[in-house]
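What follows is one structure encoded as structure tokens, with my remarks underneath.
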Amino acid sequence: MGLMLCADLGLEPWSVLNQGISRHTGFSIGTVTIVSGALILLLWIPLRQRPGLGTVSNVVILGLVMDGTLALVPESDALGVRIPLLAFAVVLNGAATGLYISARFGPGPRDGLMTGLHRRTGKPLRLVRTCIEVTVLTAGFLLGGSVGVGTVVYALAIGPLAQFFIRCFAIRGLAEQPSPVVARGGPKPEHAILPE
């Protein structure tokens, strides 16, 4: 997410929202990411989602790493640098999604919100995910967040990349066990991102 911000070609929906909030509050985007993650966890209460170690880690580490990335990666105006940086950022995000879901220590706040709403409403995961992403993207855009070609690239690539990396990083022997990634009765974790 930090690398996408450095590429300055458009962000993924939640970062668009966090950047928009950051511009209006004066807090760093990393701080806003941490606070918004914690607030999203409050929405888990009526959805009866249970956080895990991965959930809490996601809330804290995501924002800290984002601010750290912004502090360490130099800015560049050259498209020859920004385009590969965007591509690397999207692939890295897909790999990170595959790693944390395969570890099965609990979903991040945003994925848990999606699976919780799916369970409570009975609506298909794709519809729930799309509605959340469109709502967040619209709010972020209205607040001044960066929407661009990177937003479109992310939207088209993240599902297939996440599904690919979930399969790559799957831990043998865990496929048959109940997953703590989603609450009981929910779909398998690989289906939380994109059905096969």
Side-chain angles (χ1 to χ4, degrees), residues 1-6 10-72 89-90 92-120 125 128-147 150-151 154-155 158-159 161-162 165-166 179-183 186 189 192-193:
M1 290 165 42
L3 293 176
M4 284 187 75
L5 193 58
C6 292
L11 303 172
E12 48 85 25
W14 285 99
S15 291
V16 173
L17 176 63
N18 291 334
Q19 185 186 48
I21 293 170
S22 173
R23 288 180 171 170
H24 287 276
T25 62
F27 293 114
S28 73
I29 190 168
T31 300
V32 172
T33 300
I34 292 170
V35 172
S36 68
L39 292 175
I40 292 166
L41 286 181
L42 294 177
L43 298 175
W44 283 30
I45 296 169
L47 299 175
R48 297 186 181 160
Q49 289 285 90
R50 286 182 259 175
L53 175 63
T55 309
V56 177
S57 300
N58 183 290
V59 170
V60 177
I61 292 172
L62 204 59
L64 294 177
V65 171
M66 191 169 198
D67 279 347
T69 300
L70 294 173
L72 294 173
V90 173
L92 187 61
N93 194 294
T97 300
L99 281 167
Y100 101 79
I101 287 177
S102 297
R104 300 172 82 137
F105 280 108
R110 295 146 194 92
D111 285 333
L113 177 63
M114 173 189 65
T115 56
L117 285 170
H118 161 69
R119 285 181 56 244
R120 297 292 279 181
L125 277 170
V128 172
R129 179 77 180 226
T130 301
C131 289
I132 291 171
E133 299 287 321
V134 168
T135 301
V136 166
L137 181 62
T138 302
F141 177 73
L142 293 173
L143 289 170
S146 301
V147 176
T151 309
Y154 184 91
I158 194 61
L161 284 170
F165 284 113
I166 286 169
S179 172
V181 173
V182 292
I193 301 298

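Heavy atoms only: backbone and side chains are in, while hydrogens, waters and symmetry mates are out.
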*Does some side-chain heavy atom of Gln49 sit less than 4.5 Å from a side-chain heavy atom of Thr55?*
no
*Which atoms form the tightest heavy-atom contact between Ala139 and Leu17, and what is the distance?*
CB-CD1, 3.9 Å
*Does the Arg110 side chain pair with the main chain of Trp14, one donor and one acceptor, at a distance under 3.5 Å?*
no
_Is there a side-chain contact between Leu5 and Leu11 in this structure, where contact means two heavy atoms from C-beta onward sitting under 4.5 Å apart?_
yes
*asked:* Under a 3.5 Å distance rule, please check whether Ser36 uses its side chain to pair with a backbone N or O of Thr33 as donor and acceptor.
replied: yes
*Taking side chain as C-beta onward, heavy atoms only, is Ile158 less than 4.5 Å from Glu133?*
no
_With rounding to the nearest 0.5 angstrom, report the CG to CE distance, Leu92 to Met1._
11.5 Å
*Met66 versus Ser15, closest heavy-atom pair with distance*: CE-OG, 3.9 Å
*Leu53 side, atom CG; Asn58 side, atom CG - distance, nearest 0.5 Å*: 11.0 Å
_Among Val134, Val147, Val136, the one residue meeting side-chain contact (heavy atoms from CB on, under 4.5 Å) with Pro13_ = Val136
*Report the distance from atom CE of Met114 to atom CZ of Arg119, rounding to the nearest 0.5 Å.*
12.5 Å
*Step by step, work out the side-chain contact (heavy atoms from CB on, under 4.5 Å) result for Arg129 and His118.*
CA-CA 9 Å; Arg129 179 77 180 226; His118 161 69; over 6 Å; no
*Do Ile101 and Pro107 touch side chain to side chain, with heavy atoms closer than 4.5 Å?*
no
*Quick one: are Asp67 and Ile29 in side-chain contact, heavy atoms under 4.5 Å?*
yes
*Search all heavy atoms of Leu3 against all heavy atoms of Ala89 and return the closest pair with its distance.*
CB-CB, 3.6 Å
*Audit row: Tyr100, Asp111, side-chain contact (heavy atoms from CB on, under 4.5 Å) steps and yes/no*: CA-CA 11 Å; Tyr100 101 79; Asp111 285 333; 2.3 Å; yes
*Quick check: does any side chain N or O of Ser146 sit under 3.5 Å from a backbone N or O of Gly10, one acting as donor and the other as acceptor?*
no
*Might you point out which heavy atoms bring Ser22 and Ser28 nearest each other, and give the distance in Å?*
OG-C, 3.7 Å
*Is a side-chain N or O of Thr135 found less than 3.5 angstrom from the main chain of Cys131, in a donor-acceptor match?*
yes
*Looking only at heavy atoms, what is the nearest atom pair of Gly94 and Leu161, with distance?*
CA-CB, 4.1 Å
*Could you walk me through whether Leu117 and Leu47 pass the side-chain contact (heavy atoms from CB on, under 4.5 Å) test, one step at a time?*
CA-CA 7 Å; Leu117 285 170; Leu47 299 175; 3.9 Å; yes
_For Tyr154 and Asn93, which I'm curious about, is there any donor-acceptor pair between the side chains at under 3.5 Å?_
yes
